[in-house]
Amino acid sequence: MKPEQLEDLDPFDLFDAEADRLDRHFDSLGDQDWLRPSGCVGWSVRDVLAHLAGEELYNRACLDGDVAGFYRTLEREGVTGMDSFNQWCVDQRRDLPVGDVLAEWRTESGETRRRMRDRGREGSLETSVGPYPAGLQAFHYASEYATHADDIGVPVESYEEPGRTEWRARVGQFALAERHSPAEVEPLDGRFRVSVGNVGAELSAADFVTATVDRLPPDHPLDPALRTALACLA
């Protein structure tokens, strides 16, 4: 899938919608809800919020054209690699009141979304892999918000689910092509035929999306080679 095949989707609207969904859910949580385990191994719901707040450091660096400064900060903090950065974001906020972390995320995410929309779909921003279109980056961010919303059990209205799954599947197909994944993907009337070499399987749209974000359960029968090839948005 090429970028132009996403032209009928508004990445900024999708990003805003997923942010709003998370925000409403966070606002509804009681003290014990924050401690529930999430779909991110070892993280609670509160930890997922801390991760979302912390990653705004990178998002802001991209918009400010200072990714090099972002990496210098991580080096000073002894952070190596994205997994280490993600955990550092959580650890930095471990002792803060959850209300403060929520306020931080709301403010920083709102500013990121506003600035990206102002930059425009074809506007460029700096990223860890070089200049990249703001619209495509917004698709990636919207996908991440949707993934983490699922991780913490954010409810999705039944009337929203088909459209949400559809755009996530399309973004997944784009990300696979962008990463030059060996996976071949063929949409089949609401399902997906996937293959790597002579290994193939047919997935529901929901399972295809789940595979692209590397969230299939351990007991899912999908072949390990296909799991690896399809994980492009984790």
Side-chain angles (χ1 to χ4, degrees), residues 1-19 21-22 39-40 48 51-52 55 58-59 62 67 81-83 85-86 112-113 116 119 121-151 156 161-188 190-197 199-216 220 222-234:
M1 178 173 283
K2 298 178 181 179
E4 53 266 28
Q5 291 174 281
L6 299 174
E7 284 183 352
D8 61 315
L9 298 173
D10 187 317
F12 307 112
D13 284 352
L14 296 176
F15 192 13
D16 281 344
E18 292 301 325
R21 191 190 316 280
L22 280 165
C40 299
V48 171
H51 160 65
L52 293 173
E55 71 178 0
Y58 172 74
N59 298 347
C62 291
V67 172
M82 289 309 296
D83 287 344
F85 169 62
N86 290 336
T112 291
R113 289 182 282 115
M116 289 188 71
R119 192 72 53 98
R121 190 167 187 142
E122 301 305 323
S124 181
L125 71 164
E126 185 180 335
T127 74
S128 61
V129 296
Y132 194 70
L136 294 182
Q137 188 78 336
F139 279 125
H140 283 280
Y141 289 166
S143 175
E144 181 179 15
Y145 273 19
T147 299
H148 286 315
D150 292 348
D151 285 338
V156 178
E161 192 280 327
R164 186 173 186 256
T165 297
E166 193 266 345
W167 75 254
R168 295 180 70 188
R170 290 171 64 186
V171 170
Q173 291 174 80
F174 165 73
L176 287 168
E178 185 177 50
R179 289 194 173 202
H180 304 290
S181 168
E184 296 287 337
V185 179
E186 180 185 3
L188 296 170
R191 298 180 66 82
F192 291 85
R193 175 71 183 173
V194 296
S195 61
V196 172
V199 179
E202 192 171 309
L203 297 173
S204 68
D207 277 357
F208 175 74
V209 168
T210 304
T212 64
V213 298
D214 198 21
R215 294 299 197 276
L216 287 176
H220 193 283
L222 190 66
D223 185 276
L226 289 171
R227 280 179 180 258
T228 299
L230 290 172
C232 58
L233 289 166

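From a predicted model like this one, the values you see are computed outputs, not experimental measurements.
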Inset, instruction - Can you establish whether the number of heavy atoms outside D83 located under 6.0 Å from its atom CG is more than 12? - result: no
Inset, instruction - Check the surroundings of atom CD in E202: do more than 12 heavy atoms from other residues, nucleotides or ligands lie under 6.0 Å from it? - result: yes
Over all atoms of both residues, closest heavy-atom pair of [X] and [Y]:
X: P131; Y: S124; result: CB-OG, 3.6 Å
X: R121; Y: P11; result: NH1-CD, 3.4 Å
X: V48; Y: C40; result: CG2-SG, 4.3 Å
X: T127; Y: C62; result: CA-SG, 3.9 Å
X: A201; Y: L226; result: CB-CD1, 3.9 Å

Just wondering, do [Y] and [X] contact through their side chains at under 4.5 Å, heavy atoms?
X: L14; Y: Y141; answer: no
X: E7; Y: E4; answer: yes
X: V196; Y: T228; answer: no
X: H51; Y: D151; answer: no
X: H140; Y: F174; answer: yes
X: F139; Y: S143; answer: no
X: T112; Y: E55; answer: no
X: Q173; Y: P187; answer: yes

Inset, instruction - Please assess R168 against T147 for the test side-chain contact (heavy atoms from CB on, under 4.5 Å), listing each intermediate value before the final yes or no. - result: CA-CA 10 Å; R168 295 180 70 188; T147 299; 3.3 Å; yes
From [X] [atom1] over to [Y] [atom2], what is the distance, rounded to the nearest 0.5 angstrom?
X: T210; Y: D150; atom1: OG1; atom2: CG; value: 7.5 Å
X: M116; Y: D16; atom1: CE; atom2: CG; value: 10.5 Å
X: L216; Y: L230; atom1: CG; atom2: CG; value: 8.0 Å
X: N86; Y: L52; atom1: CG; atom2: CG; value: 10.0 Å
X: L6; Y: R170; atom1: CG; atom2: CZ; value: 6.0 Å

Legend entry - Note: R164-E18 ion pair, threshold 4.0 Å (strictly below): yes
Legend entry - By side-chain hydrogen bond (donor to acceptor under 3.5 Å, both in side chains) - contacts of E161 (at least two apart): T165
Legend entry - Residue list, side-chain contact (heavy atoms from CB on, under 4.5 Å) with E186, at least two apart or on another chain: L188, R193
Inset, instruction - Measure the acute angle between the ring planes of F192 and F208, then classify it against the limits of 30° and 60° as parallel, tilted or perpendicular. - result: parallel
Inset, instruction - Mark yes or no for whether R179, through its side chain, and C232, through its backbone, hold a donor-acceptor pair below 3.5 Å. - result: yes
Inset, instruction - Could you tell me whether the side chain of T212 and the main chain of L233 form a donor-acceptor pair under 3.5 Å? - result: no
Inset, instruction - Apply the side-chain hydrogen bond (donor to acceptor under 3.5 Å, both in side chains) test between D207 and each candidate in R191, R215, H220; give the one that qualifies. - result: H220
